[in-house]
Novice: 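Supplied in structure tokens, the structure appears directly below.
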Amino acid sequence: RDRPRRIKSFGERVLVPPEPFAVSWDFCPEIVRHSLMTVFGIQPVTGAMIKASGQETLSHIPTEGEITYFRERDTQFQMIQLVLSLAWWDIAQDHVEAVPFSISSLPASKRGKIVTTGIDNIVALGGAPIITEDAYVGFDPFRGEWSLYTSGGFRELCAEGKTPLEEVGLVIERYFLAIDFDPKDVMEADIHIPAKSSAAYRRNRRKMVFSAFDKINARRLWGLETPIELFLFQELLSRGIRPLCQYLIYPDGSTYQSLYDVYSDIEFRRGQNILAEADMFLPENRLAIFCDGSRHDRRPQRMKDAKIDAELQNLGIRSVRVPGRLINSDLEAAGNMVMAAL
């Protein structure tokens with residue numbers, strides 16, 4: 001709904017490509033990629049699991065020790081799917097490459113209820129089902145809703161209808177989340193992040209990745225936060241501009257791409273000395289892009305934004321604030337604002 005008419009002029013680049021494609025992972029923060037690489041099999045990995053297995057490392061297939069451990073505890077699991085949303089595709093050398101704009105997690109469900117399972121069913125599945133071309137069609141990462149789940153062959157399903165690419169959520173990984181575990185016993189991967197952000201990032205990661213679902217709605221782990229941001233993102237991609245999303249800007253001028261939508265965490269915002277979070281950022285140009293909704297029209301917010309812009313300017317970072325109503329009414333003009341700032 002409310003997709004700007006201009007997006008139709010982008011043609012097939014915003015539709016599901018009819019052939020296999022790769023994902024341009026450079027758009028996704030390196031730290032998000034590294035931290036999600038460890039999320040497979042049974043999660044979270046705990047010291048008790050390591051002890052029960054008798055091994056130093058675990059794989060997606062549970063060991064006999066783990067099976068016994070979970071069987072004795074009668075642990076129940078939710079099967080969680082990591083879902084990737086894409087905004088655009090292009091030809092990169094000799095293959096099709098798609099640009100991601102969001103990663104979400106979603107629990108497996110049946111007849112409107114979240115499915116739980118025991119360790120014996122996980123063993124029967126070989127640790128985790130094989131991922132082929134499973135996808136959610138009509139997937140909305142902003143609302144966490146979808147219209148259809150397809151197990152394989154999503155491109156064939158979407159090709160004839162000319163389905164918008166951003167409405168397809170690709171299943172890129174699955175894991176089994178233990179509903180009951182000791183949070184203090186969780187074994188964290190060694191993820192290198194700034195010391196001033198470490199505790200908040202880890203707390204938010206556990207909340208987003210290791211908290212059981214109580215309703216069938218997707219959680220956005222990373223990515224653009226609103227449809228107007230997505231529309232402007234697509235406009236800039238159509239012009240060959242490749243912005244990165246969700247950048248935290250500190251008072252000393254340092255920048256850091258946000259992890260697990262961490263800026264929505266109230267405790268993180270209170271505990272961090274952050275100047276601003278740019279919706280999109282062009283590091284080489286030192287340009288921060290903000291997509292301003294209706295609340296930014298209010299005088300107190302305008303004054304606050306002007307102060308932030310002045311502080312950014314002192315740090316050598318230019319800012320451009322694109323009104324959301326302009327993005328919806330004249331997307332080309334919104335793109336021109338960014339071009340003028342460049």
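Every heavy atom of this structure was used, including side-chain atoms; hydrogens, water molecules and symmetry mates were not.
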Novice: Does V171 belong to the same Ile/Leu/Val/Met/Phe/Trp/Tyr cluster as W25, with side-chain heavy atoms less than 4.5 Å apart forming each link?
Specialist: yes
Novice: Do the side chains of L342 and L331 join up, straight or via other hydrophobic residues, at under 4.5 Å, putting them in one cluster?
Specialist: yes
Novice: Rounded to the nearest 0.5 Å, what separation is found between the NZ atom of K110 and the CD1 atom of I216?
Specialist: 13.0 Å
Novice: Following the transitive rule for hydrophobic clusters with a side-chain heavy-atom cut-off under 4.5 Å over Ile, Leu, Val, Met, Phe, Trp and Tyr, establish whether M339 and I327 coincide in one cluster.
Specialist: yes
Novice: Nearest 0.5 angstrom please: Q43 CD to L177 CG, how far?
Specialist: 8.5 Å
Novice: To the nearest 0.5 Å, what is the distance between CZ (F290) and CG (D305)?
Specialist: 8.0 Å
Novice: Going by heavy atoms in the side chains, are R220 and S102 under 4.5 Å from each other?
Specialist: yes
Novice: Establish, yes or no, whether a centroid distance under 6.0 Å links the rings of Y136 and Y149.
Specialist: yes
Novice: Would you confirm whether R174, through its side chain, and L82, through its main-chain N or O, come within 3.5 Å as a donor-acceptor pair?
Specialist: no
Novice: Would you confirm whether S147, through its side chain, and V137, through its main-chain N or O, come within 3.5 Å as a donor-acceptor pair?
Specialist: yes
Novice: Quick one: does any side-chain atom of S211 pair with a main-chain N or O of M208 as donor and acceptor, under 3.5 Å?
Specialist: no
Novice: With the side chain counted from C-beta on, respond yes when V16 and R155 share a heavy-atom pair under 4.5 Å apart, and no when they do not.
Specialist: yes
Novice: Please walk me through it: do V45 and V186 pass side-chain contact (heavy atoms from CB on, under 4.5 Å)?
Specialist: CA-CA 6 Å; V45 176; V186 173; over 6 Å; no
Novice: Just by modelled atom types, is the T63 backbone N or O under 3.5 Å from a matching donor or acceptor in the E66 side chain?
Specialist: yes
Novice: Identify the two heavy atoms, one from P17 and one from F21, that lie closest to each other, and give their separation to 0.1 Å.
Specialist: CG-CD2, 3.4 Å
Novice: Taking the side chain as every heavy atom from C-beta outward, state whether D140 and S85 have any atom pair closer than 4.5 Å.
Specialist: no
Novice: Has the side chain of W89 got a donor or acceptor atom that lies under 3.5 Å from a matching backbone atom of L15?
Specialist: yes
Novice: Please check if the number of heavy atoms outside R33 that lie under 6.0 Å from its CZ is greater than 12.
Specialist: yes
Novice: Cation-pi check, R219 to F213: give yes when NZ or CZ is under 6.0 Å from the six-membered ring centre and within 45° of the ring axis, no otherwise.
Specialist: yes
Novice: Is the number of heavy atoms from other residues, nucleotides or ligands within 6.0 Å of CD (E145) greater than 12?
Specialist: yes
Novice: Short question: side chain of T46, backbone of M49 - any donor-acceptor pair under 3.5 Å?
Specialist: yes
Novice: May I ask you to test the I172-V83 pair for a side-chain heavy-atom distance under 4.5 Å?
Specialist: no
Novice: Just how far is it from atom CG of L58 to atom CZ of F40, taken to the nearest 0.5 Å?
Specialist: 8.5 Å
Novice: Would you give the length of the straight line joining atom CE of M187 to atom OG1 of T38, rounded to the nearest 0.5 angstrom?
Specialist: 12.0 Å
Novice: Hey, mind stepping through E173 and M37 against side-chain contact (heavy atoms from CB on, under 4.5 Å) and telling me if it holds?
Specialist: CA-CA 9 Å; E173 184 59 271; M37 282 175 62; over 6 Å; no
Novice: What closest approach, in Å, do C158 and V168 show between heavy atoms, and which atom pair accounts for it?
Specialist: SG-CG2, 3.9 Å
Novice: Does R318 reach the main-chain N or O of N285 with its side chain, forming a donor-acceptor pair under 3.5 Å?
Specialist: yes
Novice: Applying the 4.5 Å side-chain criterion to the ILVMFWY set and letting contacts propagate, would I179 and L125 be lumped into a single cluster?
Specialist: no
Novice: Within the 4.5 Å heavy-atom criterion, are D279 and Q246 side-chain neighbours or not?
Specialist: no
Novice: Taking A48's backbone N and O only, do any of them form a donor-acceptor pair with D185's side chain (distance below 3.5 Å, no angle check)?
Specialist: yes
Novice: Test R321 against D309 for side-chain contact (heavy atoms from CB on, under 4.5 Å), laying out the working first.
Specialist: CA-CA 9 Å; R321 294 187 177 274; D309 291 344; 3.0 Å; yes
Novice: In the structure I gave you, are the side-chain heavy atoms of I80 and F176 within less than 4.5 Å of one another anywhere?
Specialist: no
Novice: Are L244 and Q257 side-chain neighbours, meaning at least one heavy-atom pair lies under 4.5 Å?
Specialist: yes
Novice: Within 45° of the six-membered ring axis of W88 and under 6.0 Å from that ring's centre, is NZ or CZ of R13 located there?
Specialist: no
Novice: Would you confirm whether R206, through its side chain, and P183, through its main-chain N or O, come within 3.5 Å as a donor-acceptor pair?
Specialist: yes
Novice: Can you tell me how far CD of Q313 sits from CD1 of I308, rounded to the nearest 0.5 angstrom?
Specialist: 14.0 Å
Novice: Return the minimal non-hydrogen interatomic distance between V209 and Y175, and the atom names on each side.
Specialist: O-OH, 2.8 Å
Novice: If you look at every heavy atom in E229 and E225, which pair is closest and at what distance?
Specialist: OE1-N, 2.9 Å
Novice: State plainly whether the residues R73 and D180 are in salt-bridge range, i.e. N to O under 4.0 Å.
Specialist: yes
Novice: Mind checking whether F139 and S104 have side chains closer than 4.5 Å, heavy atoms only?
Specialist: yes
Novice: Could you give me the CA-CA distance, side-chain angles and deciding distance for Y247 and Y256, then say whether side-chain contact (heavy atoms from CB on, under 4.5 Å) is met?
Specialist: CA-CA 6 Å; Y247 253 82; Y256 199 77; 5.8 Å; no
Novice: Verify the ring-centre separation between F77 and F70: is it less than 6.0 angstrom?
Specialist: yes
Novice: Find out if a path of hydrophobic residues (ILVMFWY) with successive side-chain heavy-atom gaps under 4.5 Å connects I31 to W222.
Specialist: yes
Novice: Closest approach of L326 and A333, non-hydrogen atoms and distance?
Specialist: CD1-CB, 4.0 Å
Novice: Which pairs of donor and acceptor atoms, one on a side chain in residues 231-242, lie under 3.5 Å apart (sequence neighbours left out)?
Specialist:
residue: Q234; atom: NE2; partner: A87; partner atom: O; Å: 3.1
residue: Q234; atom: NE2; partner: E166; partner atom: OE1; Å: 3.4
residue: E235; atom: OE1; partner: R6; partner atom: NE; Å: 2.6
residue: E235; atom: OE2; partner: R6; partner atom: NE; Å: 3.3
residue: E235; atom: OE2; partner: R6; partner atom: NH2; Å: 3.2
residue: E235; atom: OE2; partner: R239; partner atom: NE; Å: 2.7
residue: E235; atom: OE2; partner: R239; partner atom: NH2; Å: 2.8
residue: S238; atom: OG; partner: E235; partner atom: O; Å: 2.5
residue: R239; atom: NH1; partner: N336; partner atom: OD1; Å: 2.9
residue: R239; atom: NH2; partner: E332; partner atom: O; Å: 2.9
residue: R239; atom: NH2; partner: N336; partner atom: OD1; Å: 3.0
residue: R242; atom: NH2; partner: S24; partner atom: OG; Å: 3.4

Novice: So, D292 side chain and V322 main chain: donor-acceptor pair closer than 3.5 Å or not?
Specialist: no
Novice: What is the minimum heavy-atom distance between A288 and F281, and which atoms define it?
Specialist: CA-CD1, 3.8 Å
